[in-house]
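Below, read A as the first sequence line, B as the second, and so on, with proteins coming before strands; counting in each chain starts at 1.
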Number of protein chains: 2
Amino acid sequence: MGRRERKKMRTREALIDAAFELFSAKGFDATTVEEIADAVDVSSRTFFRYFASKEDVALTFQEELMHGVLDAFAARPADEPVMTALRRAVVSVCHTCEAGGLGFDPGRFTCLLQLTNESGTLMAGSLEHTQKKMELITRAVARRMNVDPAADLRPHVVASTIGCGFQAAVEAMHSADLGYTSLAEAADDAFAILENGVNFASAPADGTADGPADTGGGAAVGADGGVKDDVKARKNAGVKVTAAGRG
Amino acid sequence: MGRRERKKMRTREALIDAAFELFSAKGFDATTVEEIADAVDVSSRTFFRYFASKEDVALTFQEELMHGVLDAFAARPADEPVMTALRRAVVSVCHTCEAGGLGFDPGRFTCLLQLTNESGTLMAGSLEHTQKKMELITRAVARRMNVDPAADLRPHVVASTIGCGFQAAVEAMHSADLGYTSLAEAADDAFAILENGVNFASAPADGTADGPADTGGGAAVGADGGVKDDVKARKNAGVKVTAAGRG
DNA sequence: CCTCAAACTGTCATGAGATGACACTTGTCG
DNA sequence: CGACAAGTGTCATCTCATGACAGTTTGAGG
């Protein structure tokens, strides 16, 4: 690798560093591309030669994360059901990131969550990015299920739950009452819910709440029905997931 | 209602009409706000007094749709499990829209789907809009489950599946091989999958595919396990959902 | 009817994001 | 070294978006 390549990489890293420093100091929207570029002493034009947009510099990490999940998902034992494998893949990658792995400054990881939550622009970019990766995820899921994604809707639905799970997890992180301190933990619980089924019984405000009620349609799931997995067992013994369950 | 109110409403309608006409003719990104404004003979500045952004004019319909779903969801019988109620609410609203209800020009409805799929900007805006409505949906779900959304992660996960289901449905619409012709139909199938559980068994490429395999974790779901609902029974008798199932 | 205040609109100015064109500098390789 | 490619800066331009201000329309009330 020649000097040119090295220099490019250094500039890129410097831009990311400067960007995050400014973002966390002033917020995403209040930071201009020119400021980022100036901090690294390049022109704004050059910034856009490294990143397609201002969001893009923040989304770099999401890209890494997503690929990490895809790799981990592919590496799961072949006999794990899809959502189980997906949950474990997501959780392991989150753990890695929060521990500073995959080139993640651990502080910057949580900073990114904060930024995404604060800025609508960044949130939109993040969601769109996830959406653009959908095809990859769908293919990975379909491969594991051994079905054709062009002819089967199921892998599409399963794949889209990854965004859904993350979203719920991030939301949970920002809700003080739920008391999560790590994304891995929140994601574990969120994906466990998806794994065990989400068709929870309705509990009319009157009288006996929460009893399994199959009245409506197919496969209603009780408050803590079907929980036998290692991690979930630990979780469900605690307060968060079933805080209001069968109270 | 005075003349002023009426005039405002007419301008607003005219802007929407002009916008959609231009969008479908030239695409979302290629259409400028100035063009839309000119077509109605107002200044671009005025456009931004009616709509916060260019996306906003298109997202008007999504807003209607979302509120329609929330209303329909609240109106479902109290004994239906949450995902069953959510699926039926979504499907009924989609039907209504595709039939031209709720002030939806039926052609414009499909046009919107097309536009959203083509333009990244619009896609991002659409996703962000859904995300912003999350709190409302979560509250509605929590109310039905009779749990406290601040202390229970489940309603958050359930709520976020609405975006997930729509996304899969829209994707299915744009995949010719799946052969859907109406969003209601696609959404029905997508939400049915969520309703019945998504933790499908992995099917190793070798030998016996698709048999229920509980080996991995909790509650693995067979290819067509737990299907007893009216609509799903119809669907699953066909080709789409289980095209590759137990073949 | 007439007047006044509020609401609505147009014009102007401004700023940020993003992109194309073109010239200049710097690294690479023969 | 010298030719060629890659990377960068400068300049121009477009679009989205917003604030300020002035002119016009409209509704309400004397």
Determine all donor-acceptor pairs shorter than 3.5 Å in which one atom belongs to a side chain in residues 105-119 of chain A; sequence neighbours excluded.
{"unit_1": "A/Asp105", "atom_1": "OD1", "unit_2": "A/Gly107", "atom_2": "N", "d": "3.0"}
{"unit_1": "A/Arg108", "atom_1": "NH1", "unit_2": "A/Asp17", "atom_2": "OD1", "d": "3.1"}
{"unit_1": "A/Arg108", "atom_1": "NH2", "unit_2": "A/Asp17", "atom_2": "OD1", "d": "3.2"}
{"unit_1": "A/Thr110", "atom_1": "OG1", "unit_2": "A/Gly107", "atom_2": "O", "d": "2.9"}
{"unit_1": "A/Gln114", "atom_1": "NE2", "unit_2": "A/Glu118", "atom_2": "OE2", "d": "2.9"}
{"unit_1": "A/Thr116", "atom_1": "OG1", "unit_2": "A/Leu112", "atom_2": "O", "d": "2.8"}
{"unit_1": "A/Ser119", "atom_1": "OG", "unit_2": "A/Asp29", "atom_2": "OD2", "d": "3.3"}
{"unit_1": "A/Ser119", "atom_1": "OG", "unit_2": "A/Thr121", "atom_2": "N", "d": "3.3"}
{"unit_1": "A/Ser119", "atom_1": "OG", "unit_2": "A/Leu122", "atom_2": "N", "d": "3.1"}

- Query: Is a donor on one side and an acceptor on the other found under 3.5 Å between the side chain of A/Gln62 and the backbone of A/Ser126?
  - Reply: yes
- Item | Derivation of the side-chain hydrogen bond (donor to acceptor under 3.5 Å, both in side chains) call for B/Ser44 and B/Glu34 | CA-CA 5 Å; B/Ser44 339; B/Glu34 195 175 357; 5.2 Å; no
- Task: To the nearest 0.5 Å, tell me how far B/Lys54 NZ sits from B/Thr32 OG1.
- Result: 7.0 Å
- B/His156 side chain vs B/Thr138 backbone, donor-acceptor pair below 3.5 Å: no
- Item | Residue met sooner reading DNA chain D from 5', once B/Gly2 and B/Lys54 are mapped to nucleotides | B/Lys54
- Task: Mind listing the residues from residues 35-51 of chain A sitting with a heavy atom below 4.0 Å of DNA chain C? Number order is fine.
- Result: A/Arg45, A/Phe48, A/Arg49
- Task: Return the residues of residues 4-32 of chain B meeting this criterion: a heavy atom under 4.0 Å from some atom of DNA chain C. Order them by number, or give none.
- Result: B/Arg4, B/Lys8
- Gap between atom SG of A/Cys164 and atom CD of A/Gln167 - 0.5 Å precision: 7.0 Å
- Query: Between which nucleotides of DNA chain C, 5' to 3', does chain B make heavy-atom contacts below 4.0 Å?
  - Reply: C/dA6 to C/dT11
- Item | Backbone of B/Ala151 reached by a side-chain donor or acceptor of A/Asp177 within 3.5 Å | no
- Query: Can you tell me how far C1' of D/dT18 sits from CD of B/Glu34, to the nearest Å?
  - Reply: 16 Å
- Could you tell me whether a side-chain N or O of A/Arg87 sits under 3.5 Å from a main-chain N or O of A/Leu194, the two making a donor and an acceptor? no
- Task: Could you tell me whether a side-chain N or O of A/Asn199 sits under 3.5 Å from a main-chain N or O of B/Thr84, the two making a donor and an acceptor?
- Result: yes
- Query: Hey, does B/Phe191 have a side-chain heavy atom less than 4.5 Å from the side chain of B/Val91?
  - Reply: no
- Any sub-3.5 Å donor-acceptor pair from B/Ser53's side-chain atoms to B/Asp56's backbone N or O? yes
- Message: Between A/Ser175 and A/Ala172 (side chain of the first, backbone of the second, donor and acceptor by atom type, cut-off under 3.5 Å), is there such a pair?
- Response: no
- Terminal helix-axis angle for the helix from C/dC1-D/dG30 to C/dG30-D/dC1, with five pairs defining each axis and rounding to 10 degrees: 10°
- Message: Tell me if the CD atom of A/Glu13 is crowded by more than 12 foreign heavy atoms within 6.0 Å.
- Response: yes
- Which residue, A/Val141, A/Val82, A/Val157, A/Val198, forms the side-chain contact (heavy atoms from CB on, under 4.5 Å) with B/Val198? A/Val157
- Note on the structure: Ordered by number, residues from residues 113-132 of chain A within less than 4.0 Å of DNA chain D (heavy atoms) are none
- Query: Do the non-hydrogen side-chain atoms of A/Phe51 and A/Thr60 ever get within less than 4.5 Å of each other?
  - Reply: yes
